[in-house]
Amino acid sequence: MSEAFSAWMKSIQVLMEEALGEFLPAPTEKPARLHEAMRYAVLDGGKRVRPLLVFAAGELFDAPKSELACAGAAVEMIHAYSLVHDDMPCMDDDELRRGKPTVHVKFDEATALLVGDALQSQAFLVLTEGEGDAVRKLAKVRLLAEASGSFGMCGGQAIDLDSVGVFLSRGELEQMHRLKTGALLRASVLLGAWSGKQLSSDETAALDAYARATGLAFQVVDDILDATADSAVLGKTAGKDAADNKPTYVSILGLSESQALAEKLRQDAHHALKDFGSAAQRLRELADLIVDRKN
Ligand code: GRG
């Protein structure tokens, strides 16, 4: 990773921490326990991959920073809500997330449920704030709703819950991940791009191809890390997929073929950006980061 990219990443992570802190209700505001738990779930943790994608795509189309901060905060709130709900006993039943006790462990189950619900509402509220005209905001609200609902992330999660102990073909596994993880990563890229100047249809298709390859690479690497890294490095419980008898890329393809697939997806992501030249360098480096990450 280049020094310039690393400095840019740090600056966006700092900017996003500040923006999220402002967009979330103050911990002193009533109901204080719910607001405290929402902030616990979102702040001080996470790689902020989705906001980084928002900014890298947005900068390519000269989008104003304030609008990107709204889009980045909205997508990160949806992501944080999904993690809080996913960790609950009725789903993955996990006690560690981002190196901290999960929300239902630190607070309680009812609070964790409400944290997810309230973060989801807050995300759409934030998307309506800041610059951009009403038509553009409406398009973004629709994009995020589709990506996070039953035809996106929630639909993927439903397939995931139904797949415990079930054999999935490679195609079925890919479809599950395209919805569960890929849809929100794709939405991040498009929310960023739609915050700037009008895209041509070729540019939209190229970004879509980039987002699809990067989104799938993210999940293939997630499966590799679950099988190979330890919990301290991951900040969440490692080895859970195998323990829960869940189909993964590693269980279907084996480790080395999964690693080769992640490499191919990296190449696909780079190839999709070929016509953007050096302006898309940050998107390329983000694809590299997603494939090379250790947690
Ligand atoms: C409960 C509605 C609902 C959906 C859950 C995304 C998801 C769907 C569940 C999370 C479970 C999981 C570990 C999925 C694998 C991919 C993933 C989203 C990993 C976590 O994302 P990172 O690595 O996390 O970006 P940080 O903490 O860095 O933000």
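Both ligands and their constituent atoms are indexed starting at 1 by order of listing.
- With salt bridges taken as basic N to acidic carboxylate O contacts below 4.0 Å, none links E174 and R170.
- Remark: K264 engages D268 in a salt bridge, criterion side-chain N to carboxylate O under 4.0 Å.
- Counting atoms of ligand 1 from 1 in the listed order, those under 4.0 Å from a heavy atom of G46 are 26 (P), 27 (O), 28 (O), 29 (O).
- When each atom of ligand 1 is checked for a heavy atom of C154 under 4.0 Å away, the hits are 2 (C).
- Residue contact check: Y81 has heavy atoms under 4.0 Å from atoms 2 (C) of ligand 1.
- Which parts of ligand 1 touch K180 is read off a 4.0 Å heavy-atom cut-off, strictly below it: atoms 8 (C), 14 (C).
- Residues E67 and R136 are paired through a salt bridge, judged by an N-O separation under 4.0 Å between the basic side chain and the carboxylate.
- Atoms of ligand 1 lying under 4.0 Å from any heavy atom of H85, numbered from 1 in the order shown and given with element: 1 (C).
- Counting only distance, with no hydrogens or angles, the side chain of K294 and the backbone of D292 share a donor-acceptor pair below 3.5 Å.
- For the pair R48 and E17, the salt-bridge criterion is met [side-chain N within less than 4.0 Å of a carboxylate O].
- Of the N or O atoms in R98, one or more lie within a sub-3.5 Å distance of an N or O in ligand 1.
- Counting the atoms of ligand 1 from 1 in the order shown, those under 4.0 Å from a heavy atom of L83 are 10 (C).
- No N or O atom of E76 sits closer than 3.5 Å to an N or O atom of ligand 1.
- Residue-ligand proximity: R48 is placed with every non-hydrogen atom at 4.0 Å or more from ligand 1.
- The proximity of D86 to ligand 1, defined as any non-hydrogen pair under 4.0 Å, involves the side chain as well as the backbone.
- Contacts with ligand 1 closer than 4.0 Å are made by heavy atoms of both the backbone and the side chain of K47.
- Annotation: cation-pi pair R284/Y210 absent, no NZ/CZ under 6.0 Å from the ring centroid and within 45° of its normal.
- In this structure, E146 does not pair ionically with R186, as no charged nitrogen and carboxylate oxygen lie closer than 4.0 Å.
- Numbered from 1 in the order shown, with element, the atoms of ligand 1 that lie under 4.0 Å from a heavy atom of D222 read 15 (C), 16 (C), 19 (C).
- Salt-bridge annotation for D92 and R97: absent, with no side-chain N of the basic residue lying under 4.0 Å from a carboxylate O of the acidic one.
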